[in-house]
Amino acid sequence: MSLASATTARAAGQATVCLFTDFGWDDAYVAQLKGVVLTIAPDVRLLDLNHSVAPYNVTEGAFLLDQCAEEFPAGTIFVAVIDPGVGADRDPILVETSKQKFFVGPDNGLFAQVILNEGLLHVWKLDKPEFYRGGDLSRTFHGRDIFGPVAAHLAAGIPPDRLGTEAKAPDLTATPEPTYSGGVINAQVLHIDRYGNIILNLKTGSEFAPLLKEGTLVKISLGRESFSAPFVKTYSEVDKGRLLMLFGSSGRLEISINQGSAAHQIRVEPGAALYLKP
């Protein structure tokens with residue numbers, strides 16, 4: 001889909017707006033965000049991608065947002081809110097990637113992985129209050145008062161350059177790269193999935209990936225604790241209940257247990273550092 005056809009689709013009320021937050025489901029926040037979007041753009045296709053990102057965890061959010069957005073077509077609009085600095089000096093922004101997808105949210109690194117994977121076409125600082133939610137602007141809920149309304153106006157056919165002012169490249173610091181020193185790879189936990197797989201920031205294309213050869217035993221260190229796991233290609237190569245390492249469907253290194261939870265054995269959270277020694 002070309003940018004022109006994407007704009008035409010939005011103007012025709014066929015736009016898709018996807019919501020991605022750390023709000024959870026126990027409060028009114030998701031409902032209020034949906035309400036402001038539908039008030040402005042009642043014909044929009046509104047999808048929930050994820051509202052269970054670990055609260056305030058921009059690193060995990062950047063990884064999951066990229067994974068969630070990957071298969072969506074050009075013209076899709078994403079409202080992404082993991083915003084521990086809400087009300088402070090970070091800017092509200094609208095990003096258009098080279099794949100012509102739009103991302104609305106805080107400039108705090110949340111869009112780093114998406115930009116690295118899809119490329120960056122434009123960034124706008126959302127400094128046009130006429131496109132915010134009416135009434136007093138909350139200092140603690142920009143998802144409802146800025147990001148949702150701007151996304152809705154975009155979905156309704158307002159050109160992105162009317163919604164804000166062209167800005168510099170956004171913050172990309174939420175996606176650190178692994179490092180290597182003295183035979184040890186220093187990696188970071190990006191996410192723990194519902195199966196207990198510990199997903200790290202080491203990609204298949206990383207310069208350090210060749211250090212992990214099939215059948216190699218890898219020492220995993222976390223503080224004073226250490227574990228060992230073979231590097232394999234599939235879960236079934238080890239016995240049920242045994243620790244292993246492999247490159248998963250995200251293209252990133254995972255620490256797993258065959259039909260079990262690695263996170264129950266290795267107690268880590270997103271953002272933690274792990275040291276890997278083949």
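Computation of the quantities below employed the complete heavy-atom set of this structure, encompassing side-chain atoms and omitting hydrogens, waters and symmetry-equivalent molecules. If you read the sequence from its start, that first residue is 1, and numbering goes on from there.
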**Q** Using the side chain to side chain contact (heavy atoms under 4.5 Å, CB included) rule, pick out the option among V123, V150, D171, L110 that qualifies with I93.
**A** V123
**Q** Which pairs pass ring-ring contact (aromatic ring centres under 6.0 Å, His included) with one or both residues in residues 146-181, sequence neighbours excluded?
**A** F131-H153, Y180-F208
**Q** Just wondering, are more than 12 heavy atoms of other shown residues or ligands nearer than 6.0 Å to NZ in K128?
**A** yes
**Q** When the ring centroid of F103 is compared with that of F20, is the distance short of 6.0 Å?
**A** no
**Q** Centroid-to-centroid, F141 to Y29, below 6.0 Å?
**A** yes
**Q** With salt bridge (Lys or Arg N to Asp or Glu O under 4.0 Å) as the test, would you mind laying out the steps for E214 and K233 before giving the verdict?
**A** CA-CA 7 Å; E214 188 176 358; K233 289 186 176 180; 3.7 Å; yes
**Q** Among side-chain atoms of N117 and D66, is any donor-acceptor pair under 3.5 angstrom?
**A** yes
**Q** Looking only at side-chain N and O atoms, does R90 offer a donor or acceptor that is under 3.5 Å from a partner on H142?
**A** yes
**Q** Could you report the tightest heavy-atom contact between F63 and R252, atom names first, then the distance?
**A** CE1-CD, 3.5 Å
**Q** Yes or no on side-chain contact (heavy atoms from CB on, under 4.5 Å) for F231 and E237, after CA distance, side-chain angles and deciding distance?
**A** CA-CA 10 Å; F231 178 72; E237 290 179 47; over 6 Å; no
**Q** How about Y275: does its OH atom have over 12 heavy atoms from other parts shown lying under 6.0 Å from it?
**A** no
**Q** For the side chain of N186 and the backbone of A273, is there at least one donor-acceptor N/O pair under 3.5 Å apart?
**A** no
**Q** Using modelled atom types only, decide if a donor and an acceptor are shared between the side chain of K99 and the backbone of P73 within a distance under 3.5 Å.
**A** no
**Q** Is it the case that atom NZ in K34 sees more than 12 heavy atoms from other parts of the structure closer than 6.0 Å?
**A** yes
**Q** List the atom pairs, donor and acceptor, that lie under 3.5 Å between side-chain atoms in residues 50-60 and the rest of the protein, sequence neighbours left out.
**A**
{"unit_1": "N50", "atom_1": "OD1", "unit_2": "S52", "atom_2": "N", "d": "2.6"}
{"unit_1": "H51", "atom_1": "ND1", "unit_2": "T21", "atom_2": "OG1", "d": "2.7"}
{"unit_1": "H51", "atom_1": "NE2", "unit_2": "D48", "atom_2": "OD1", "d": "2.7"}
{"unit_1": "N57", "atom_1": "OD1", "unit_2": "T59", "atom_2": "N", "d": "3.3"}
{"unit_1": "N57", "atom_1": "OD1", "unit_2": "E60", "atom_2": "N", "d": "2.9"}
{"unit_1": "N57", "atom_1": "ND2", "unit_2": "P270", "atom_2": "O", "d": "3.2"}
{"unit_1": "E60", "atom_1": "OE1", "unit_2": "A54", "atom_2": "N", "d": "2.8"}
{"unit_1": "E60", "atom_1": "OE2", "unit_2": "H191", "atom_2": "ND1", "d": "2.6"}

**Q** Let me confirm one number: the OG-CG distance from S261 to D193, rounded to the nearest 0.5 Å.
**A** 8.5 Å
